[in-house]
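Below is one structure; the comments refer to it alone.
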Amino acid sequence: MQGFDLFLGAPALIQLHAVLAGAAIILGGVQFAMPKGTPTHRLLGRIWVAAMATVALSSFFIHEIRMFGLFSPIHLLSVLTLITLWQAIRLVRKGDIVRHKKAMVRLYVLALLITGAFTLLPGRLMYRVFFGG
């Protein structure tokens with residue numbers, strides 16, 4: 001199996017996890033480029049938070065890398081992601097936009113870009129999907 005066929009052969013949970021992470025990367029980029037505080041920004045933010053929470057929660061059922069029983073350091077990042085999502089929502093509801101923005105940028109970089117880069121390491125599914133072998 002190669003590329004997209006390999007992805008389609010993966011368990012449905014991994015497919016959902018990857019698709020939502022990819023969507024969150026794109027949507028997050030759109031959010032950073034858009035005007036802030038608009039109804040559209042708030043709606044897309046809610047969608048992004050739901051996608052991120054689903055990605056983080058689904059990770060607890062993915063066990064490709066096992067370092068501590070069924071889990072790996074990536075699962076610690078999932079816990080941090082869920083905590084930071086909750087904090088970012090609290091901050092924006094309190095009107096602390098500066099800290100809300102910092103939390104969201106941190107999530108985007110740490111939980112999506114850096115963690116996403118680790119999925120492209122040789123031997124991982126996404127590496128095989130994008131680069132073969």
Side-chain angles (χ1 to χ4, degrees):
M1 250 190 247
Q2 294 243 334
F4 195 64
D5 291 333
L6 186 62
F7 179 74
L8 291 177
L13 182 66
I14 291 177
Q15 291 178 27
L16 174 71
H17 181 85
V19 167
L20 287 178
I25 289 171
I26 293 166
L27 187 55
V30 169
Q31 282 289 79
F32 291 138
M34 289 180 55
K36 308 304 179 264
T38 65
T40 302
H41 176 81
R42 289 192 296 271
L43 173 64
L44 294 180
R46 287 181 177 106
I47 294 168
W48 188 83
V49 166
M52 287 297 294
T54 304
V55 168
L57 290 168
S58 66
S59 77
F60 294 111
F61 302 96
I62 299 171
H63 308 286
E64 287 187 336
I65 299 173
R66 297 175 184 212
M67 298 177 84
F68 312 105
L70 294 176
F71 302 104
S72 73
I74 291 173
H75 294 101
L76 292 175
L77 183 58
S78 294
V79 171
L80 180 62
T81 295
L82 292 168
I83 291 168
T84 306
L85 282 169
W86 177 72
Q87 288 175 334
I89 292 166
R90 278 189 39 238
L91 289 167
V92 77
R93 286 183 178 168
K94 288 176 18 178
D96 192 343
I97 304 305
V98 171
R99 289 177 57 206
H100 166 77
K101 180 180 177 180
K102 286 179 183 178
M104 290 304 202
V105 170
R106 235 184 343 252
L107 275 172
Y108 188 81
V109 172
L110 292 174
L112 285 173
L113 300 183
I114 292 175
T115 304
F118 283 113
T119 69
L120 297 175
L121 291 174
R124 304 285 316 268
L125 173 65
M126 297 314 287
Y127 176 88
R128 295 190 314 269
V129 167
F130 286 110
F131 306 115

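Counting from 1, the numbers follow the sequence of the chain as shown. In this text, all values refer to a predicted model and were calculated from it rather than measured experimentally.
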Is it possible for you to say whether [X] and [Y] belong to one hydrophobic cluster, with membership spreading through side-chain heavy-atom contacts below 4.5 Å?
{"X": "V92", "Y": "L44", "value": "no"}
{"X": "L6", "Y": "V19", "value": "yes"}
{"X": "I97", "Y": "V49", "value": "no"}
{"X": "L57", "Y": "L20", "value": "no"}
{"X": "M34", "Y": "L43", "value": "yes"}

Roughly how far apart are [X] [atom1] and [Y] [atom2], rounded to 0.5 Å?
{"X": "Q31", "Y": "K36", "atom1": "CD", "atom2": "NZ", "value": "7.0 Å"}
{"X": "F130", "Y": "L125", "atom1": "CZ", "atom2": "CG", "value": "9.5 Å"}
{"X": "I89", "Y": "T84", "atom1": "CD1", "atom2": "OG1", "value": "11.0 Å"}
{"X": "H41", "Y": "R46", "atom1": "NE2", "atom2": "CZ", "value": "10.0 Å"}
{"X": "T119", "Y": "I114", "atom1": "OG1", "atom2": "CD1", "value": "12.5 Å"}
{"X": "L113", "Y": "L107", "atom1": "CG", "atom2": "CG", "value": "11.0 Å"}

_F32 atom CZ: more than 12 heavy-atom contacts under 6.0 Å_ = yes
*With a cut-off of 6.0 Å (strictly less than), are more than 12 heavy atoms of other residues, nucleotides or ligands near NZ of K102?*
no
Does the side chain of [Y] come within less than 4.5 Å of [X]'s, by heavy atoms?
{"X": "M104", "Y": "W48", "result": "yes"}
{"X": "F60", "Y": "L82", "result": "yes"}
{"X": "L77", "Y": "L80", "result": "yes"}

*Which heavy atom of A56 sits nearest a heavy atom of T81, and at what distance?*
CB-CG2, 4.1 Å
I'd like a table of donor-acceptor pairs (distance under 3.5 Å, sequence neighbours excluded) in which one partner is a side-chain atom from residues 9-18, with atom names and distances.
residue : atom : partner : partner atom : Å
Q15     : NE2  : F7      : O            : 3.3
Q15     : NE2  : L8      : O            : 2.9
Q15     : NE2  : A10     : O            : 2.8
H17     : ND1  : V55     : O            : 3.1
H17     : ND1  : S58     : OG           : 2.7

